[in-house]
Amino acid sequence: MDRPVRELSYAQALQEAMAQAMEADERVFLMGEDIGVYGGAFQVTGDLVERFGEARVIDTPIAELGAAGVAVGAALCGQRPVFEFQFSDFATLAMEQIVNQAAKMRYMLGGAVSVPLVMRFPAGSGTGAAAQHSQSLEAWFAHVPGLKVVQPSTPHDAKGLLLSAIDDPDPVMIFEHKLLYKMKGPVPEEAYRVPIGKADIRRKGRDLTIVATAIMVHRALDAAAILAEEGIDVEVIDLRCLRPLDRDTLVESVSRTTRLLCVYEGVRTLGIGAEISAMIAESEAFDRLDAPIGRLGGAECPLPYNPEMEKAAVPQIPDIVAMARRLVRGTV
Amino acid sequence: MTVQMQIDRRANRPAVYDRLSNEQLRESLRRMHLIRQFEEGAEQAYMRGLIHGTMHLSIGQEASAVGVCVALGAADKITSTHRGHGHCIGKGADPKRMFAEFFGKETGYCRGRGGSMHIADPSQGNLGANGIVGGGLPIAVGAALAIRQQKRDDVVVCFFGDGASNEGAFHEALNMAALWTLPVVFVCENNQYGMSTSTARSMSVPNVADRAVAYNIPARIVDGNDFAAVAEAAFEATDRGRGGLGPSLIECKTYRIRGHSRSDRNRYRSKDEIDAWSRRDPIVRLEAELVGLGILAEADLAAIRQQVETEIEEGIAFAQESPPPAIADLLRDVTSEQP
Ligand SMILES: Cc1ncc(C[n+]2csc(CCOP(=O)(O)OP(=O)(O)O)c2C)c(N)n1
Ligand SMILES: [Mg+2]
């Protein structure tokens with residue numbers, strides 16, 4: 001009989017992935033603000049500086065653009081940097097190096113180079129940190145050819161996707177929802193990989209496909225449990241990767257369930273749900289649809305500080321339940 | 001010993017006090033107390049679970065906020081930082097409305113939308129705290145450009161931290177301010193750390209003031225826990241700005257006594273270091289100085305503290321009793337068109 005798999009928090013799972021990668025490959029090193037003795041703003045790097053030293057766990061000055069560029073340069077020349085933004089919002093200061101440099105170098109130089117860079121972005125709302133510390137900007141990055149964008153929702157996938165990202169020859173952006181860091185789940189001890197570009201069907205269902213990302217996967221699963229009691233059988237797909245998109249899994253699922261609801265925290269307009277909806281509308285699943293495609297995303301506003309307003313600005317379980325009822329039954 | 005010190009101090013009355021009335025000095029001390037007690041009140045409310053999010057306390061840094069703002073008039077502007085409560089109160093903000101913002105209420109400075117990190121009061125020239133380190137630096141330069149275009153003689157004070165001076169925005173902002181001879185006073189509150197990272201571990205030069213040289217900006221380093229030293233540098237710099245001579249930089253050497261934010265475990269510094277700086281408390285020092293100079297009596301000190309305590313209690317009560325924003329207003333003020 002299998003031993004029960006040990007549980008780790010999402011933050012611990014990420015930390016274990018970094019430690020295993022650093023043990024296995026001396027080219028791997030970490031950069032970021034306060035990731036050393038402080039352990040990172042969300043304690044993801046924790047005590048790694050004690051294990052691997054300051055030469056491989058580098059506290060940078062507060063200089064996002066410059067430090068991101070340093071990581072790009074090191075990756076270009078054969079190192080394997082794993083770069084932590086303290087909050088994903090601060091990546092806006094580093095967009096030049098990510099979008100103009102890292103993403104385009106391989107192509108612009110005719111395939112002569114590679115930028116094996118990993119960037120980690122603590123993202124999302126729910127902590128009362130207001131408009132400049134709560135955004136979900138992953139769709140911005142998914143709009144850029146040359147980048148890969150992943151969004152793990154469980155400790156298991158956090159570790160497996162981070163290890164795949166470190167192996168990957170291209171720049172990979174990992175969006176980590178802040179509310180998930182303390183969440184626990186089974187995480188195998190060995191250095192396993194979760195493939196980049198594969199969605200995961202978290203719950204099988206017949207009536208409606210909900211495609212969700214990050215924290216919304218958990219809200220969708222909770223909503224599905226409520227809906228099951230009403231006789232609505234929901235399939236929940238954890239997208240896991242925004243670029244490349246797992247077209248096959250989504251088209252197959254929607255063809256079966258004949259209904260689609262996208263749930264994501266980023267601003268609804270032009271968010272990942274817009275792309276998924278368009279992709280389904282263009283696919284063979286379109287003819288099978290029995291209801292309009294639904295989208296639930298972040299409100300069209302910056303994230304407010306007041307806790308009740310903050311909640312109202314992103315999809316919550318009752319919103320998902322209500323929208324699912326509407327799509328399946330035509331009424332709430 | 002005490003008598004001797006008093007005599008020396010009288011002889012050493014800071015020159016800048018000639019520009020300040022006794023009432024202004026009293027008010028400065030009162031504002032420093034107000035900052036301290038405001039933050040202690042906010043901290044307690046946080047620990048009691050009454051407010052959420054995080055906050056960055058400036059306890060120990062009150063002299064730089066008030067010492068600079070005392071040189072400003074109502075039309076002058078400031079840009080502030082994530083550690084901005086002191087700047088707000090220095091510029092005349094009402095603690096009631098600041099508490100209301102902390103409590104996420106409609107009566108707060110940002111109507112509950114911004115919280116601690118975004119308190120602003122444009123009507124008083126406070127262009128706002130900032131969640132982005134270095135975010136206020138170019139904005140201050142732009143505000144100074146507007147002042148010049150409007151042919152006014154106001155100045156802009158740009159508060160920022162030592163850590164912010166490592167951002168590109170700092171360097172770009174200083175260059176433009178000097179290039180265009182704009183009335184900006186860059187005030188670095190060098191509290192020795194950007195979060196956990198000491199200046200020694202993050203800066204290639206020992207002082208932020210050293211960086212001003214590269215931009216041809218005159219810079220002064222002052223004891224940031226000495227109200228008079230800060231005020232003197234502030235008057236000198238604002239005089240320069242008003243006189244059309246361009247930007248200046250003041251580096252206030254100071255220390256934050258509390259952790260960086262609510263989640264700091266203080267692993268990167270020693271208790272001895274914190275204790276040593278606690279003994280240089282700027283409020284205690286100003287009180288001793290004002291009493292020594294005969295500007296205030298012991299009884300005045302007690303009265304000030306008592307008055308501030310009452311004001312803080314009233315502020316918290318006001319915040320608690322205030323209504324929250326209506327959820328229906330979620331999409332209000334995203335742009336000038338209302339939903
Ligand atoms: C662009 C950006 N990077 C990082 C942060 C996270 N952060 C907030 S405050 C801070 C330290 C700032 O140090 P300093 O400028 O010295 O100000 P202090 O906190 O010491 O007052 C950091 C790293 C941020 N808010 N914005
Ligand atoms: Mg600092």
Side-chain angles (χ1 to χ4, degrees), chain A residues 32-43 45-47 49-50 54 58-69 86-87 89-94 96-97 125-135 178 267 298-314, chain B residues 51-54 82 101-106 108 110-118 130-135 161-170 193-199 201-204 260-261 263-269 324-335 339:
Chain A
E33 290 164 14
D34 308 287
I35 64 168
V37 64
Y38 196 92
F42 298 96
Q43 295 302 311
T45 48
D47 63 1
V49 70
E50 278 151 45
E54 288 190 0
I58 303 175
D59 271 339
T60 71
I62 310 172
E64 289 78 11
L65 172 64
Q86 200 162 82
F87 284 75
D89 313 69
F90 311 153
T92 55
L93 283 79
E96 195 287 301
Q97 286 293 326
S125 68
T127 64
Q132 295 173 338
H133 287 71
S134 304
Q135 298 170 86
K178 281 165 267 179
V267 173
E300 309 291 323
C301 63
L303 270 308
Y305 165 72
N306 173 281
E308 296 311 314
M309 276 197 145
E310 185 185 19
K311 275 192 209 115
V314 299
Chain B
I51 46 188
H52 79 152
T54 189
H82 57 285
E101 190 54 39
F102 266 79
F103 281 74
K105 298 300 180 70
E106 186 70 20
C110 313
R111 312 175 70 156
R113 272 58 160 194
S116 153
M117 244 186 309
H118 301 288
N130 211 307
I132 299 300
V133 169
D162 47 284
S165 78
N166 297 315
E167 288 279 15
F170 165 85
Y193 294 91
M195 209 158 151
S196 69
T197 311
S198 66
T199 52
R201 292 181 62 238
S202 57
M203 285 169 48
S204 58
H260 166 73
S261 68
S263 50
D264 190 344
R265 294 174 299 168
N266 277 320
R267 278 193 174 177
Y268 50 87
R269 57 183 189 171
I327 303 293
D329 284 342
L330 181 65
L331 300 184
R332 187 187 158 136
D333 290 323
V334 177
T335 60

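In what follows, every chain begins at residue 1, and chains take the letters A, B, ... in the order their sequences are listed.
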Undergrad: Need one label for A:Ala67: side chain, backbone, both or neither, based on atoms under 4.5 Å from any heavy atom in chain B.
TA: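 Neither part; nothing is under 4.5 Å.
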
Undergrad: Can you give me the closest heavy-atom contact between B:Leu330 and A:Ala312, atom names plus distance?
TA: CD2-O, 3.8 Å

Undergrad: Any side-chain heavy-atom pair from B:Ser202 and A:Ile62 closer than 4.5 angstrom?
TA: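 A side-chain contact under 4.5 Å is absent here.
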
Undergrad: Hey, what do you get for OG1 (B:Thr197) to OH (A:Tyr38), rounding to the nearest 0.5 Å?
TA: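 These two atoms lie 10.0 Å from each other.
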
Undergrad: Do A:Thr92 and B:Ile132 come close enough that some side-chain heavy atom pair is under 4.5 Å?
TA: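 When only atoms from C-beta onward are counted, B:Ile132 and A:Thr92 do not touch, as no gap falls below 4.5 Å.
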
Undergrad: For the OH atom of A:Tyr305 and the CE atom of B:Met117, what is their distance to the nearest 0.5 Å?
TA: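 Going from the OH atom of A:Tyr305 to the CE atom of B:Met117 covers 9.5 Å.
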
Undergrad: Check B:Ser196 against A:Asp34 and note the closest heavy-atom contact, atom names and distance.
TA: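 Taking every non-hydrogen atom into account, OG-OD1, 2.6 Å.
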
Undergrad: Picking from A:His133, A:Glu300, A:Glu308, which has the most non-hydrogen pairs under 4.5 angstrom with chain B?
TA: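 Result: the option with the highest number of such pairs is A:His133.
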
Undergrad: Answer with side chain, backbone, both or neither: which region of A:Phe90 has an atom nearer than 4.5 Å to a non-hydrogen atom of chain B?
TA: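 For A:Phe90, side-chain heavy atoms alone lie under 4.5 Å from chain B.
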
Undergrad: Hey, does B:Arg111 have a side-chain heavy atom less than 4.5 Å from the side chain of A:Met309?
TA: no

Undergrad: side-chain contact (heavy atoms from CB on, under 4.5 Å) for A:Gln132 and B:His82? Distances and angles first, verdict last.
TA: CA-CA 11 Å; A:Gln132 295 173 338; B:His82 57 285; over 6 Å; no

Undergrad: Against chain B, label A:Gln43 side chain, backbone, both or neither, depending on which of its atoms sit under 4.5 Å from a heavy atom there.
TA: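 Looking at A:Gln43, just its side chain touches chain B.
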
Undergrad: To the nearest 0.5 Å, how far apart are CG in A:Asn306 and NE2 in B:His52?
TA: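 Answer for the CG-NE2 pair, A:Asn306 versus B:His52, is 6.5 Å.
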
Undergrad: Quick one: CZ on B:Arg113 to CG on A:Leu303, what's the gap to the nearest 0.5 Å?
TA: 13.5 Å

